[in-house]
Protein chains: 2
Amino acid sequence: MNPKINITEIAKQAGVSIATVSRAINDPALVKTETRERILDIIKSTNYKINYVAKNLRTNKSYSIGLIYTSVLMVFYHVISKGVEDIAIKNSYNVFFCNSGDDPVKENDYLSLLYEKRVDGIIISPTGKNDDIYKNIISSGIPVCFFDRNVRGVTADGVFVDNRKGSRQAVEYLLKKGYQKIGFISGPKRIMTGNERLKGYMEAHEALGVGVNKKLIQEGDYQYESGYRCAKELLDNNKIDALYIANEPMAAGALQLVNEKGLRFPKDIGFLMWDDPYWATLVRPNISTIAQPCYTIGTTAAELLFKKIDKGDSYMDKDSITITLNTSLVIRDST
Amino acid sequence: MNPKINITEIAKQAGVSIATVSRAINDPALVKTETRERILDIIKSTNYKINYVAKNLRTNKSYSIGLIYTSVLMVFYHVISKGVEDIAIKNSYNVFFCNSGDDPVKENDYLSLLYEKRVDGIIISPTGKNDDIYKNIISSGIPVCFFDRNVRGVTADGVFVDNRKGSRQAVEYLLKKGYQKIGFISGPKRIMTGNERLKGYMEAHEALGVGVNKKLIQEGDYQYESGYRCAKELLDNNKIDALYIANEPMAAGALQLVNEKGLRFPKDIGFLMWDDPYWATLVRPNISTIAQPCYTIGTTAAELLFKKIDKGDSYMDKDSITITLNTSLVIRDST
DNA sequence: TTGAAAGCGCTAACAG
DNA sequence: CTGTTAGCGCTTTCAA
């Protein structure tokens, strides 16, 4: 590998023009077999590597996409990233992984940067607080695909999960199982997933004719600490027979407290959480969960994105597509 | 944001040449205050964003680095990634995260791709099976920093942990605590960390005058399944009083088996593992671990890299730097 | 303090 | 089937 060796150098060595070298690389059929083979031999022996920066400038493509998620420490996002990466590789694309930490400022910075790098598309779990820039980017012609959370008023592709249904299913299961006072550590209401999972909780109670005690609903912020804090509030000041938690980090926090108090499930309390990290089967007894099809979310979002990328400018005509996947209730031993 | 708005357009609107616009952006002091302000106003109002692809071609820099790690599912790498990302942001750089899955072919592909994208530097936990391309890249002038694992015969910066010392410390602790038959699920011997941790295990026995039973050492491949399998071998066919495991995924596998067998630690068996994932404090009793300073590994590697990137070509003169960090033994309740 | 112009490495008409 | 040439958007000499 030698940055000095460029297409001109190859052309010189092969005794052809740079156009022919370019063709031999990008559209081999256009070049006479003999010439092509000579060129490819030289490319191999000199270890020439194309300069994508130049190619990208010329073709106005970058062969890379951006993925923005809101937390580095959730298994949920790791598996999704893997899904996205696999599809990207298949399309010979690179992905810029960006962690917004659910901070609108960081999100805005990353979005700008990705635009400046002229990525060919963006997959994002939005904070929901940067509507202007989402719209700017979309109208600039860069395909965008939301996942996990949708943004009201912004039209783009999206891959989501049926949070309301998943939540309702889960809570109905708990109620039918005999749990009557289900403490719910919910996500922020302003975030789509938080809101929907709460709705599911309410609907399940309604469907089974069980009254809802509002005190049993504690709104966390999806972080570990809030899980611990809300669990404390629920366990100290209320009589609950089950803990139902809206995401992984908060569940970890809640579990911490449960452990400290020496409570055992399902004997002392039922425990059911959203997301299905591998540690759910490491703790004893294994934890019942609501699993999201993470890998599929990633691959689906990426496929949606590449469909638009491949279409080029003409994709504007097409309506945006929203795909909603189902969650699955994984019953183990904690409920 | 409008890709049509480029530096030429700004120049036109401001009634100056593109050179002046470029200066106003990159070296404001060179431009008369009045002119500069007019230009910057227009940039703001038109929402002009620089095209990095063009800038990169011209300056022969990409303002991005690559990070290659060997597993998507280890907390270890996530925290390191965060460290790298934070330093990169501070330097206004982007990072391409690449998951080799410990597969030399994927690693080779990623290395080529990163080279083709002309990244300004690469941080990598190497499979150790691509010496030629490591060397090629380094000699092409792209700074490289290894982490986690070193590669013999390849000269580059590196950030590692003192695996031998950490392992020896841990095993001495176990022996002194009274465990005499410590089943060790080791990593592959061909990988530096696997090799060193094994040495530490041997040294501790030697230091305390305890004989080593080779049957108590099972070599895994750092993956979950091998942890399960090796634990089975150790527990089924040997009398051991403690399980000492060389990394997180294998520990998860081993823990799975321990759970299936209904064994409790520390009563039935001691349990000590490398890496300190957050689930170590989620399972009961909490697991004792050998914690690596992951975040610091990431920031240190990135800082080393940027030091060379900033130096430009002249960095070649400098010898390569290797930094070795210490692990810490975190005693909890499983031993 | 500013402008003109060359050129980074590549692709894509267009012409032959 | 191949070559010539313009030009992607920017930075950077050189000259004024």
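Chain naming here is simple, since letters A, B, ... match the order of the sequence lines and numbering starts at 1 in each.
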TODO: Using whole Å, report how far CG of A:N26 lies from C1' of C:dC10.
DONE: 9 Å
- [ ] Record whether the side chain of B:R23 comes under 3.5 Å of the base of C:dG3 through a donor-acceptor pair of N or O atoms.
- [x] yes
Open item on the list: Quiz question: by atom type and distance under 3.5 Å, do the side chains of B:S64 and B:Y52 form a donor-acceptor pair?
Closed with: no
Open item on the list: Quick check: on DNA chain D, is the nucleotide nearest A:V31 upstream (toward 5') of the one nearest A:I18, or the reverse? Name the residue that is more 5'.
Closed with: A:V31
- [ ] Can you tell me the distance, in whole Å, between the CD1 atom of A:I5 and the P atom of C:dG9?
- [x] 12 Å
Open item on the list: Closest approach to the side chain of A:L57, judged atom by atom: which nucleotide of C:dT2, D:dT12, D:dG9 is it?
Closed with: D:dG9
Open item on the list: Check this for me: does any side-chain nitrogen of one of A:D86 and A:K90 sit under 4.0 Å from a carboxylate oxygen of the other?
Closed with: no
Task: Interatomic distance, A:N60 CG vs C:dC10 C1' [rounded to whole Å] - done: 13 Å
TODO: Could you pick out which residue, A:Y52 or B:T33, lies toward the 5' side of DNA chain C when each is mapped onto its nearest nucleotide?
DONE: B:T33
TODO: Please name the pair of heavy atoms, one in A:F147 and one in A:L67, separated by the smallest distance, quoted to 0.1 Å.
DONE: CE2-CD1, 3.7 Å
Task: OP1 or OP2 of D:dC8 under 4.0 Å from side-chain N/O of B:N51 - done: no
Open item on the list: Closest approach to the side chain of B:T20, judged atom by atom: which nucleotide of C:dT2, C:dA12, D:dC10 is it?
Closed with: C:dT2
TODO: For A:L30 and C:dA13, give me the distance from atom CG to atom C1', rounded to whole Å.
DONE: 13 Å
TODO: May I ask you to evaluate whether B:S17 reaches the phosphate of C:dT2, defined as a side-chain N or O under 4.0 Å from OP1 or OP2?
DONE: no
TODO: Using a 4.0 Å heavy-atom cut-off across all strands, classify A:V53 as base, sugar-phosphate, or nothing.
DONE: nothing
- [ ] Output the single nucleotide from C:dC10, D:dG3, C:dT2 whose closest atom is nearest the side chain of A:A19.
- [x] D:dG3
TODO: Measure the distance from NZ on B:K61 to C1' on D:dT11 and round it to the nearest whole Å.
DONE: 14 Å
- [ ] Would you indicate whether the side-chain heavy atoms of A:N136 and A:L111 approach each other to under 4.5 Å?
- [x] no
Open item on the list: I want to check one thing: is the phosphate of C:dG9, taken as OP1 and OP2, less than 4.0 Å away from some side-chain N or O of A:N6?
Closed with: yes
- [ ] Using whole Å, report how far OH of B:Y115 lies from C1' of C:dG9.
- [x] 13 Å
- [ ] Let me know the distance between CD1 of A:I7 and C1' of C:dG7, rounded to the nearest Å.
- [x] 16 Å
Open item on the list: On the nucleotide D:dG9, are OP1 or OP2 found under 4.0 Å from the side-chain N or O atoms that B:K55 carries?
Closed with: no
Open item on the list: Check the phosphate of C:dC10 against A:N56, side-chain N and O only, distance under 4.0 Å to OP1 or OP2. Yes or no?
Closed with: no
Open item on the list: Among D:dG9, D:dT11, D:dC8, which nucleotide has an atom closest to any side-chain atom of A:R58?
Closed with: D:dC8
Open item on the list: Using only atom types and a distance under 3.5 Å, with no angle test, would you say the side chain of B:K106 pairs donor to acceptor with the backbone of B:N99?
Closed with: yes
Open item on the list: Looking only at side-chain N and O atoms, does A:T296 offer a donor or acceptor that is under 3.5 Å from a partner on A:T299?
Closed with: no
TODO: Give a yes/no answer on whether the side chain of B:T8 brings an N or O atom under 4.0 Å of OP1 or OP2 in D:dG9.
DONE: no
TODO: Taking only the side-chain nitrogens and oxygens of A:Y63, find out if one of them lies under 4.0 Å from OP1 or OP2 of C:dC10.
DONE: no
Open item on the list: I need the NZ-P distance between B:K32 and C:dG3, as an integer number of Å.
Closed with: 10 Å
